[in-house]
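To start, the structure under review is shown below, and the notes come after it.
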Amino acid sequence: MPELPEVETTCRGIAPHLAGRRITRLVVHDSRLRWPVDADLPASVSGQRVLGVSRRAKYLLIALERGTLILHLGMSGSLRVLHSPPPRRLHDHLDIELDDGGLLRFNDPRRFGSLHFTAGPPADHRLLAELGPEPLDSEFTPEYLYRITRSRRVAIKQLLMNSHLVVGVGNIYASEALFLAGIRPGRMARGLKREEASRLVEAVREVLSMAIRVGGTTLRDYVGADGNPGYFRQKLFVYERAGLPCRRCGSPVRHRTQGQRSTYFCPVCQR
DNA sequence: ATGGGCACCTGGCTGC
DNA sequence: TGCAGCCAGGTGCCCA
């Protein structure tokens, strides 16, 4: 799935097609997502105009006149904007029909995605209320990362992926950012020096912005709203490159399992 | 407060 | 060819 860059790419892709449109109908073909889609949800949103589309962490927020749709792509979800919609395919779970004949279709084979509606401010929703800062915002500073790591005995990679501390950094970009920063993923968080925390903040920013620039990373099923894959895969330094030569120094990239997730690093470039 | 492990689900690939 | 086993862009929740 989608990490922050893929969600951001999706957000930018669908926004122009949704903003200002009215939702004529929301059809739930299969409500069995990570949480069952509320049976009242279609009625709550139909007839409402879309004010805009934004992103918070890996959630897409579709702002309506009264309330907000909160959509998560899970591991394998994607959204497509369709104008002359082809017949539904396997795992097309949701259709949001628009007043200009357009259609926003949600496909998610693994069904880890989710859809909620909230009448209040989205930031107060239970899924969003406890989230950490956005990595591309100004609150994510070297000082912030240094401070929050002081009491933590977890590996720095796991800390990076903890959305209560900083959002949007998933398994691919955590490995990539640590490579750019020259830090081993297994290092205990509180062992980082000030200067390392600083490099890491910079690396997270850089890898995420670069990935957004090229439409995210497609490993298997991710496509943007226009149906095109992301091209960041070609720029990956370590992710899914176990045994291949490090793009910087040539020594073989290593793989290990950390917190039940695959981790990749260069034993020479990262210390 | 922190950390570890599990659960949710389907599909694609590997190796016997 | 068939099938078991393992792995995959996430993350909330329960337990120590």
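Order of the sequence lines fixes the chain letters, A, B, ..., with proteins taken first and strands second; residue numbering starts at 1 for each chain.
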Requested in this report: Rounded to the nearest angstrom, tell me the gap between atom CG in Leu131(A) and atom C1' in dG10(C).
Outcome: 13 Å
Report task. Describe, in one word, how the ring planes of Tyr173(A) and Phe232(A) are oriented to each other, choosing from parallel (under 30°), tilted (30 to 60°) and perpendicular (over 60°). Result -> tilted
Report summary line: Closest to the side chain of Arg153(A), out of dG5(B), dG3(B), dA8(C), is dG3(B)
**Report entry** Below 4.0 Å: OP1/OP2 of dG3(B) and any side-chain N or O of Arg152(A)
**Finding:** yes
Query raised in the report: Atom CG of Leu219(A) to atom P of dG10(C): distance rounded to whole Å?
Result: 10 Å
Report task. State which of dT10(B), dG3(B), dG12(C) makes the closest approach to the side chain of Arg111(A). Result -> dT10(B)
Requested in this report: Start with the C-alpha distance between His17(A) and His83(A), add both sets of side-chain angles, then the distance that settles ring-ring contact (aromatic ring centres under 6.0 Å, His included), and finish with yes or no.
Outcome: CA-CA 10 Å; His17(A) 299 278; His83(A) 281 98; 5.6 Å; yes
**Report entry** Spacing between Tyr222(A) atom OH and dG10(C) atom P, to the nearest angstrom
**Finding:** 13 Å
Query raised in the report: When all nucleic acid strands are considered with a 4.0 Å heavy-atom cut-off, which category describes Arg32(A): base, sugar-phosphate, or nothing?
Result: nothing
Query raised in the report: Of all the choices, dC9(B), dT11(C), dG11(B), which nucleotide is nearest to the side chain of Phe112(A) once you look at every atom?
Result: dC9(B)
**Report entry** Integer angstrom distance from the P of dC3(C) to that of dC9(B)
**Finding:** 23 Å
Query - Any N/O donor-acceptor pair, Arg110(A) side-chain to dC9(B) base, under 3.5 Å - result: yes
Query - Backbone N/O of Arg49(A) and side chain of Glu65(A): donor-acceptor pair under 3.5 Å - result: yes
Query - Watson-Crick/G-U partner (both atom distances under 3.5 Å) of dG11(B) - result: dC7(C)
Requested in this report: Measure from the side-chain heavy atoms of Arg34(A) and tell me the nearest of dT11(C), dA8(C), dG5(B).
Outcome: dT11(C)
Query raised in the report: Given atom CG of Asp221(A) and atom C1' of dG10(C), what is their separation to the nearest angstrom?
Result: 13 Å
Report summary line: Trp35(A) atom CH2 is separated from dA7(B) atom C1', nearest whole Å, by 12 Å
Query - Whole-Å gap separating C1' (dG3(B)) and CD1 (Ile156(A)) - result: 15 Å
Requested in this report: With Arg34(A) as the cation and Phe112(A) as the aromatic partner, state whether NZ or CZ is under 6.0 Å from the six-membered ring centre and within 45° of the axis.
Outcome: no
Requested in this report: May I ask you to verify if any side-chain N or O of Arg261(A) is less than 4.0 angstrom from the OP1 or OP2 atom of dG10(C)?
Outcome: yes
Query raised in the report: Does a nitrogen or oxygen in the side chain of His72(A) sit under 4.0 Å from OP1 or OP2 of dT11(C)?
Result: yes
Query raised in the report: Tell me: CD of Gln258(A) to P of dG4(B), nearest whole Å?
Result: 10 Å
Query raised in the report: Using a cut-off of less than 4.0 Å, is there contact between a side-chain N or O of Tyr59(A) and OP1 or OP2 of dG12(C)?
Result: yes
Requested in this report: Establish, with yes or no, whether the OP1 or OP2 oxygen of dT2(B) is under 4.0 angstrom from a side-chain nitrogen or oxygen of His164(A).
Outcome: no
Query - Cation over ring face, Arg111(A) and Trp35(A), 6.0 Å, 45° - result: no
Report summary line: Side-chain atoms of Ser262(A) come closest, of dT2(B), dC7(C), dG11(B), to dC7(C)
Requested in this report: Find the distance Gln260(A):CD to dG4(B):P and express it as a whole number of Å.
Outcome: 10 Å
Report task. Check whether any side-chain N or O of Ser151(A) sits under 4.0 Å from OP1 or OP2 of dT2(B), and answer yes or no. Result -> yes
Query raised in the report: With a non-hydrogen cut-off below 4.0 angstrom, is Leu90(A) in contact with a base, only sugar-phosphate, or nothing?
Result: sugar-phosphate
Report task. Side chain of Met75(A) only, please: which of dG10(C), dT10(B), dG4(B) is the nearest? Result -> dG10(C)
Query raised in the report: Any salt bridge between Glu134(A) and Arg205(A), counting N to O under 4.0 Å?
Result: no
Query - Rounded distance in Å between the P positions of dC7(C) and dG5(B) - result: 15 Å
Requested in this report: Mark yes or no for whether Glu196(A), through its side chain, and Ile183(A), through its backbone, hold a donor-acceptor pair below 3.5 Å.
Outcome: no
**Report entry** Out of dG11(B), dA8(C), dG12(C), whichever nucleotide has its closest atom nearest the side chain of Pro109(A)
**Finding:** dG11(B)
